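Let me begin by presenting the structure, written as structure tokens, before commenting on it.
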Amino acid sequence: MEKFSLYEILSFLLPGFVLIGIVQLYQKYVFGCEQLLFSSDSKFSESIILLCLSLFTGVLIHILTYWLVRYKKNNWFKNIIMPSVQKITDNDKFTQRTIPFLNDEYRRIRKHNENQVKEGEIENNLFDFAYYYLEVNGKISAAKNFQSLYFWFRNMFTVSCFLIPVSIVITAIALHKGYACNRTDSAILIMTINLIILFIIIPAARWLRTKYVDKVLWSYYVERIHQNEKK
């Protein structure tokens, strides 16, 4: 039975924890709530509840992110945080050298009759095939670590996309209703932090996505050469 790695668990857990933490920051510093659901001196049982709630929230965030990626009308989301496999390989001269071999191997193993792609482009579904080929043969661990880290940052991007408009609305309400100066300043500070985090997440997530794709294709390339040499 396949086990979740630490990176995979963190990719769900941390985004959920961050979202819950920011909600509590608003409760305490903007809306002045005395009683918080979780505090820094929480008992062990409350810490376990927080852990479970963070994981549950993180899984929901991951599902939402998956939907945003798959929904065709959300191309803006994919363009920002999820560069395509073709775009990544187009910009990597080393991977470009492997593409003819990878395409030939894919066509030979799959024995399908799809139309060949243009020179320099990878076959449709080749990346997915390479991923599952490595997974079935137990060679996916290195690539999967980058995948989990990428999911972590991608999920954090979804959290930021949700929090930024919410933080703008809350800040506007604080200014309009004349909240105490320290509460308004807290709202502005949290909004600023959200924006800074967003602009840090984007290049990091794109880099991790690139490394993940490279790892899959190169691992598959090396594995196929190794298998061919054994024949």
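As the structure is a computational prediction, the values presented were derived from the model and not from experiment.
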Donor-acceptor under 3.5 Å ([X] side chain, [Y] main chain):
| X | Y | value |
| --- | --- | --- |
| Q96 | T89 | yes |
| T98 | T95 | yes |
| D92 | F94 | yes |

Between [atom1] on residue [X] and [atom2] on residue [Y], distance to nearest 0.5 Å:
| X | Y | atom1 | atom2 | value |
| --- | --- | --- | --- | --- |
| Y131 | N125 | OH | CG | 15.5 Å |
| M82 | R154 | CE | CZ | 5.5 Å |
| L64 | C161 | CG | SG | 9.5 Å |
| L68 | W76 | CG | CH2 | 6.5 Å |
| D104 | E123 | CG | CD | 8.5 Å |
| E8 | L13 | CD | CG | 13.5 Å |

Among all residues two or more places apart in sequence or in another chain, which pass the side-chain hydrogen bond (donor to acceptor under 3.5 Å, both in side chains) test with T65? N155, T158
Tell me, please, which residues at least two apart from Y66 pass side-chain hydrogen bond (donor to acceptor under 3.5 Å, both in side chains). R70
Among residues at least two apart in sequence or on other chains, which ones pass ring-ring contact (aromatic ring centres under 6.0 Å, His included) with [X]?
| X | result |
| --- | --- |
| F101 | Y221 |
| F129 | Y106 |
| Y133 | Y220 |
| Y150 | none |

Sequence-distant partners of [X], side chain to side chain contact (heavy atoms under 4.5 Å, CB included), two or more places apart:
| X | result |
| --- | --- |
| N91 | K87 |
| T57 | L19, I20, L53, I61 |
| V166 | F162, I170 |

List the atom of [X], the atom of [Y], and the distance in Å for their closest heavy-atom pair.
| X | Y | answer |
| --- | --- | --- |
| S148 | S11 | O-CB, 3.4 Å |
| L102 | L126 | O-CD1, 3.4 Å |
| P15 | F12 | CD-O, 3.6 Å |
| P83 | I88 | O-CD1, 3.8 Å |

Sequence neighbours excluded, which residues qualify as salt bridge (charged side-chain N to carboxylate O under 4.0 Å, His left out) partners of D128? none
Between I122 and Q86, is a side-chain contact (heavy atoms from CB on, under 4.5 Å) present by the stated rule, with each step listed? CA-CA 7 Å; I122 66 171; Q86 188 61 55; 3.8 Å; yes
Within a strict 4.5 Å, meaning less than it, do heavy atoms of the I109 and E105 side chains meet? yes
Same cluster or not: I80 versus M156, using hydrophobic residues (I, L, V, M, F, W, Y) connected whenever any side-chain heavy atoms lie under 4.5 Å apart? yes
If two hydrophobic side chains count as joined below 4.5 Å and joins carry through other members, does V23 share a cluster with L60? no
Residue pairs, two or more places apart or on separate chains, that pass side chain to side chain donor-acceptor pair (under 3.5 Å) and touch residues 203-212: Q147-Y212
Could you tabulate the donor-acceptor pairs under 3.5 Å formed by side-chain atoms of residues 190-202, not counting sequence neighbours?
| from | atom 1 | to | atom 2 | distance (Å) |
| --- | --- | --- | --- | --- |
| T192 | OG1 | I188 | O | 2.8 |
| N194 | ND2 | I190 | O | 3.4 |

